[in-house]
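We use all heavy atoms of the structure for the numbers below, so side chains are in, but hydrogens, waters and symmetry mates are not.
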Amino acid sequence: MIQLLFTVIFAEMAVIMVLLFKTPLRKLVIMGLDRVKRGRGPFMVKTVAGTVLVVLISSVYSMIKIQKRGIDDGVVNPTDQVLMAKHLLETSLMGFTLFLALMIDRLHHYIRELRLRRKNMEAIKKQNRGFEDGKTGGSAEIKAMEEEMAALGAKLKQLESEIETKTKEAKAAETNAVALRKQSEGFLLEYDRLLEENQNLRNQLQSLDRRLSHSGSKKNT
């Protein structure tokens with residue numbers, strides 16, 4: 001039992017030393033621990049740790065009984081001393097074994113967390129680089145859009161000036177059209193007046209012709 005505990009302790013110490021330093025073996029150990037923590041591995045580890053803890057409690061209880069027996073008897077039995085020393089050694093080794101196992105678990109957890117954070121940092125750095133590159137490209141696009149907007153603004157001003165000129169021309173043409181319409185209305189009134197005078201003159205001529213013809217017929221008789 002004691003030899004087995006020493007072997008486990010030395011193995012755990014070796015695993016801790018491997019995890020502390022960045023070597024090719026650390027990757028293998030981490031992969032092994034990852035596999036142990038998958039599937040039924042955690043259940044087996046917990047079962048072994050529970051068994052060791054039960055044995056540890058049993059040894060502590062045996063130590064308390066031996067110590068109590070020695071106090072009651074008043075004389076320390078050599079056999080009890082040997083058993084006391086054995087239980088004390090086993091208890092210390094088992095406690096140290098559980099402590100080292102806990103250290104291995106925590107080291108493995110922190111190493112994995114560190115790897116994940118490094119990956120996240122690298123991903124964030126890549127995103128920042130992509131954002132900066134996009135920002136550089138975006139500034140060129142913004143400049144091109146500003147130039148295009150300036151060209152469109154100049155074209156818009158030109159169109160506004162042309163529209164204003166066409167509006168003035170249209171207003172002038174409308175004014176001319178109104179004047180021509182008024183002039184044509186005056187011409188039509190004058191034409192009507194002239195037609196009326198012409199008709200009056202024709203009527204007067206017809207009446208004169210009638211008179212002349214009537215007077216000529218009287219002379220002949």
Hydrophobic clusters here meaning ILVMFWY residues chained together by side-chain heavy-atom distances under 4.5 Å, can you tell me if L5 and I57 are in one? yes
What distance do R117 atom CZ and I124 atom CD1 have between them, rounded to the nearest 0.5 Å? 11.0 Å
What's the separation between atom CD1 in I111 and atom CZ in R106, rounded to the nearest 0.5 Å? 12.0 Å
How many angstroms lie between CG in L53 and OG in S58, if you round to the nearest 0.5 Å? 11.5 Å
Using modelled atom types and a 3.5 Å cut-off, is there a donor and acceptor pairing between side-chain atoms of T7 and backbone atoms of Q3? yes
Whether over 12 other heavy atoms sit under 6.0 Å from E196 CD: no
Hey, could you give me the CE/CD1 distance between M94 and I9, rounded to the nearest 0.5 Å? 10.0 Å
Short question: side chain of N203, backbone of Q199 - any donor-acceptor pair under 3.5 Å? yes
Hey, is CD on E148 packed in by over 12 heavy atoms from elsewhere, all under 6.0 Å? no
Is there a chain of hydrophobic side chains (I, L, V, M, F, W, Y, each step under 4.5 Å between heavy atoms) that links Y110 to I16? no
One pair to check against side chain to side chain contact (heavy atoms under 4.5 Å, CB included): K166 and I163. What are the steps and the verdict? CA-CA 5 Å; K166 295 293 182 183; I163 290 170; 5.7 Å; no
To the nearest 0.5 Å, tell me how far L107 CG sits from L102 CG. 9.5 Å
Who are the side chain to side chain donor-acceptor pair (under 3.5 Å) partners of E197, not counting sequence neighbours? R193
V29-V8 co-clustered via ILVMFWY side chain contacts under 4.5 Å: no
Heavy atoms of S59 and T91 approach each other most closely as CB-OG1, 3.3 Å
Set of side-chain contact (heavy atoms from CB on, under 4.5 Å) partners for F6, sequence neighbours left out: I2, F10, L93
Going by the rule side-chain contact (heavy atoms from CB on, under 4.5 Å), which residues pair with R112 if we only count those two or more places apart in sequence or in a different chain? D34, H108
Can you tell me how far CZ of F99 sits from CD of E12, rounded to the nearest 0.5 angstrom? 11.0 Å
